[in-house]
Amino acid sequence: MVSFLGFIIVFTFEPVPRNLFYLKEHLRLNRVNNVTIIEAAVSDKNGVVLFDEGPGSSMGHLSSNGKLPVRTVVLDDLIANKEIPSPDYIKIDIEGAEFSALSGAKSTLMELHPIIFLATHGGAVHQKCCYLLQSIGYHLQPIDGIDLEQSSEILATYNAG
């Protein structure tokens, strides 16, 4: 998310055709015109990987057992190549691939310090994400009312001191 002259510009990433259809239709019906859709999953490598669509439209994830090939992109590369502007805020909720997305944005996080809203899925991913963010100077605060170690919803702000 980028703020430009008081106007918020949103870049959203979605790799699944079914979800893309609904997202585009939702934006059209609600006359939302400040959102750019990038038809890809965010990761730590550019390329194509398999995606398991899961039992519902919000439960899919990157998986070697998946059947749907999807394109992956690296945030650092998109920003460095000026394909998207530098973000002020990043919201990540990607069913277990959070660490890969953060790893692919590490330079951006270290240089630009966007505020991050992070939903983690699974204990190991949660710990890796917390360690990565804290190691580059972010302060982590749970936003779901429970301890950071048990939380799955985190606000990460850069601690300049």
Side-chain angles (χ1 to χ4, degrees), residues 1-2 8-87 89-109 114-133 135-136 138 140 142-144 146 148-156:
M1 214 178 318
V2 178
I8 299 210
I9 302 167
V10 176
F11 290 83
T12 186
F13 298 82
E14 176 56 59
V16 179
R18 175 186 63 213
N19 293 349
L20 282 163
F21 170 79
Y22 289 119
L23 176 58
K24 289 175 183 178
E25 187 65 5
H26 171 77
L27 296 173
R28 184 190 68 77
L29 288 171
N30 290 287
R31 296 185 177 117
V32 175
N33 51 20
N34 65 327
V35 176
T36 298
I37 300 170
I38 297 175
E39 297 182 12
V42 177
S43 189
D44 58 350
K45 294 178 185 72
N46 293 305
V48 176
V49 299
L50 295 176
F51 190 90
D52 180 352
E53 293 187 76
S57 63
S58 66
M59 298 181 70
H61 58 277
L62 301 178
S63 171
S64 59
N65 297 325
K67 294 182 174 42
L68 177 67
V70 299
R71 181 171 75 107
T72 58
V73 294
V74 176
L75 286 179
D76 280 345
D77 293 345
L78 294 175
I79 293 164
N81 296 331
K82 303 210 184 300
E83 294 176 56
I84 63 173
S86 300
Y89 305 92
I90 296 176
K91 168 68 170 113
I92 300 174
D93 185 353
I94 51 177
E95 303 304 316
E98 297 86 12
F99 182 73
S100 294
L102 289 171
S103 296
K106 190 172 180 181
S107 293
T108 298
L109 302 179
I115 294 171
I116 303 166
F117 298 91
L118 175 66
T120 58
H121 297 82
V125 169
H126 178 82
Q127 288 180 340
K128 289 168 60 174
C129 290
C130 289
Y131 178 79
L132 172 66
L133 290 169
S135 74
I136 57 177
Y138 274 86
L140 308 181
I143 56 176
D144 53 7
I146 57 179
L148 179 62
E149 295 79 27
Q150 305 301 316
S151 176
S152 63
E153 301 285 336
I154 300 167
L155 171 65

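Keep in mind that the numbers below use all heavy atoms, side chains included, and drop hydrogens, waters and symmetry copies.
The two residues Ala41 and Pro15 make their nearest non-hydrogen contact at N-CB, 3.8 Å. Nearest heavy atoms, Gly66 versus Leu50: O-CD1, 3.4 Å. Taking both residues in full, the closest heavy atoms of His121 and Gly96 are given as CB-N, 3.6 Å, listed atom of the first, atom of the second, then distance.
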Audit row: Asp93, Lys91, side chain to side chain contact (heavy atoms under 4.5 Å, CB included) steps and yes/no:
CA-CA 7 Å; Asp93 185 353; Lys91 168 68 170 113; 3.6 Å; yes

Just do the side chain to side chain contact (heavy atoms under 4.5 Å, CB included) check on Ser43 and Val74 with the steps written out, would you?
CA-CA 5 Å; Ser43 189; Val74 176; 5.8 Å; no

Assess whether side chain to side chain contact (heavy atoms under 4.5 Å, CB included) is satisfied between Leu68 and Val70, documenting all intermediate values.
CA-CA 6 Å; Leu68 177 67; Val70 299; 3.9 Å; yes

Using side chain to side chain contact (heavy atoms under 4.5 Å, CB included), reason through Val32 and Val10 one step at a time and then give a plain yes or no.
CA-CA 10 Å; Val32 175; Val10 176; over 6 Å; no

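Distance check, rounded to the nearest 0.5 Å: CD of Glu14 to CG of Leu23 gives 7.0 Å. For the atom pair His126 NE2 and Thr120 OG1, the distance stands at 5.0 Å (nearest 0.5 Å). In this structure, CG in Asp76 is found 4.0 Å from OG in Ser107, a value given to the nearest 0.5 Å. Note that CD1 of Ile37 and OG1 of Thr12 are 7.0 Å apart. Values are rounded to the nearest 0.5 Å. Interatomic distance, CD of Glu53 versus NZ of Lys67, reported as 10.0 Å (0.5 Å rounding). Here Phe117 contributes atom CZ and Ile92 contributes atom CD1; the two are 11.5 Å apart, rounded to the nearest 0.5 Å.
Heavy-atom contacts from other residues, nucleotides or ligands closer than 6.0 Å to CD of Gln150 number 12 or fewer.
Side-chain contact between Leu75 and Ile84: present, with at least one pair of heavy atoms (C-beta onward) separated by less than 4.5 Å. Inter-residue side-chain proximity for Thr108 and Pro87 is flagged as met; some heavy-atom pair is nearer than 4.5 Å. Counting heavy atoms from C-beta on, the side chains of Lys128 and Leu102 never come closer than 4.5 Å. The shortest distance between side-chain heavy atoms of Ser152 and Asp144 falls below 4.5 Å. For the pair Val73 and Arg71, the minimum side-chain heavy-atom distance is below 4.5 Å. A 4.5 Å side-chain heavy-atom check between Leu133 and Leu140 finds at least one atom pair inside the cut-off. When side chains are defined from C-beta on, Thr72 does not count as touching Val42, because their heavy atoms never get closer than 4.5 Å. For the pair Leu132/Ser103, a side-chain contact is recorded, criterion being any heavy-atom separation below 4.5 Å from C-beta on.
Qualifying side-chain hydrogen bond (donor to acceptor under 3.5 Å, both in side chains) partners for Asp52, counting only residues two or more places apart in sequence or in other chains: none. Judged as a ring pair (Phe, Tyr, Trp, His ring centres under 6.0 Å), and not counting sequence neighbours, Phe99 has no contacts.
The stretch residues 30-42 participates, sequence neighbours left out, in these side chain to side chain donor-acceptor pair (under 3.5 Å) pairs: Lys24-Glu39, His26-Asn30.
Within the 3.5 Å criterion, the main-chain N or O of Asn81 finds no donor-acceptor partner in the side chain of Glu83.
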